[in-house]
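As a basis for the values below, the full set of heavy atoms in this structure was taken, side chains included, without hydrogen atoms, waters or symmetry mates. Sequential numbering from 1 along the given sequence is applied to the chain's residues. Just so it is clear, the model here is predicted, and its values are computed rather than measured.
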Amino acid sequence: MPPVAVIIPAYNEAERIGETVTAALTLPGVDTVVVASDGSTDATVRVARNAGAMVWRTSRNQGKAAAMLAGAEAVRALDQRHQADAPRHLLFLDADLGKSAANAGPLIEPVARGAADMTIAVFANRVKLGGHGFVVRLSGAGISRATGWTPAQPLNGQRCLTRAAFEAARPLARGFGVETAMTIDLKRKGLRIAEVEVDMAHRATGSDLAAQLHRARQFADVARALASRVTV
C-alpha cells in the first residue's frame, strides 16, 4: 500500500503538539508527519520540529481549511520529489490529541485495503465539552438534509482519505466548515465514507469567553458551508 502522511493543523499548540507528533509517528504505514502551523505565536513550530515533524508555517492565522490544504500540498511535493508509485494516503489529526494519536491506526486500515475512500473517527470516550452541541447539531442536520446520511460525529477532524478523495473535496470550505463540506461533497460524488470507532480524545474545552468565541466561529463557518450546499 502507499505510505501514509499525517497532517496536523496547529494554532498555538506548543503544550501538546510534541506528544501528538511523537504518537503519530508510531502509526502503521506512516512515514511522514507534517505540522501546518497556522500563524502560531508560541513554540509550536520548534516543538513540532524537535518531535520529528516537517513544518509548514504562515505568519498569520488563515483558518483550519487553509492549514489542511497547505499540509496536503507539502505532501504532494514530497511525493513528486521521491517519485512514489502512488500518492500517499492522508491522515488528518488535530493537534491536541496528545498520546491518544497513537490509537488512530484503525482509521488507516479501511483506506489502505481499498474498502473506503475516507474514514471518519468516532471517539469511543468523549470528553465533556463546555458548549451545548449546537454546532454539532447544525452540521449533522445539514449533512443529513444534503445526503440522507447522518454521521455520528460530523465535526470530527480525525479523517483518513486517499489523495483522489482529497482532490474530489476541493475547493475546501472555509475554516471550521471544512469537515461538514467535505462529507457532503464526497457523499454526493458517490465516494465511500466509513465511520470507525477509536480510543482517542481531545483535551477538554471550557466555557470561558475564548471558548464561546471559538464555538461562534465554528457555527459561522459551518453555516456558511451549508448555505451553498443545502436547499431549504
When you measure from the side chain of [X] to the backbone N and O of [Y], does any donor-acceptor pair fall under 3.5 Å?
X	Y	answer
D117	R192	yes
K99	E19	no
R163	A72	yes
T147	W149	yes
T20	A95	yes
D38	Q62	yes
N156	A121	yes
S100	L97	yes

Less than 4.0 Å between a side-chain N and a carboxylate O, is that true for [Y] and [X]?
X	Y	answer
R76	E73	yes
R188	D185	no
R88	D31	yes

*asked:* Any non-hydrogen side-chain atom of I8 less than 4.5 Å from a side-chain atom of I17?
replied: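 I8 reaches I17 side chain to side chain.
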
*Taking atom types as modelled, find out whether T183 and R159 have a side-chain donor-acceptor pair closer than 3.5 angstrom.*
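Judged by distance alone, the side chains do pair up.
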
_Between S37 and T44: side-chain donor-acceptor atoms closer than 3.5 Å_ =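 No - no donor-acceptor pair under 3.5 Å links their side chains.
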
*Among E179, K64, M68, which residue meets the side chain to side chain contact (heavy atoms under 4.5 Å, CB included) test with F92?*
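Among E179, K64, M68, the one that satisfies the side chain to side chain contact (heavy atoms under 4.5 Å, CB included) with F92 is M68.
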
*Results of ring-ring contact (aromatic ring centres under 6.0 Å, His included) for Y11 - residues two or more places apart only*: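 Y11 satisfies ring-ring contact (aromatic ring centres under 6.0 Å, His included) with no residue once adjacent residues are dropped.
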
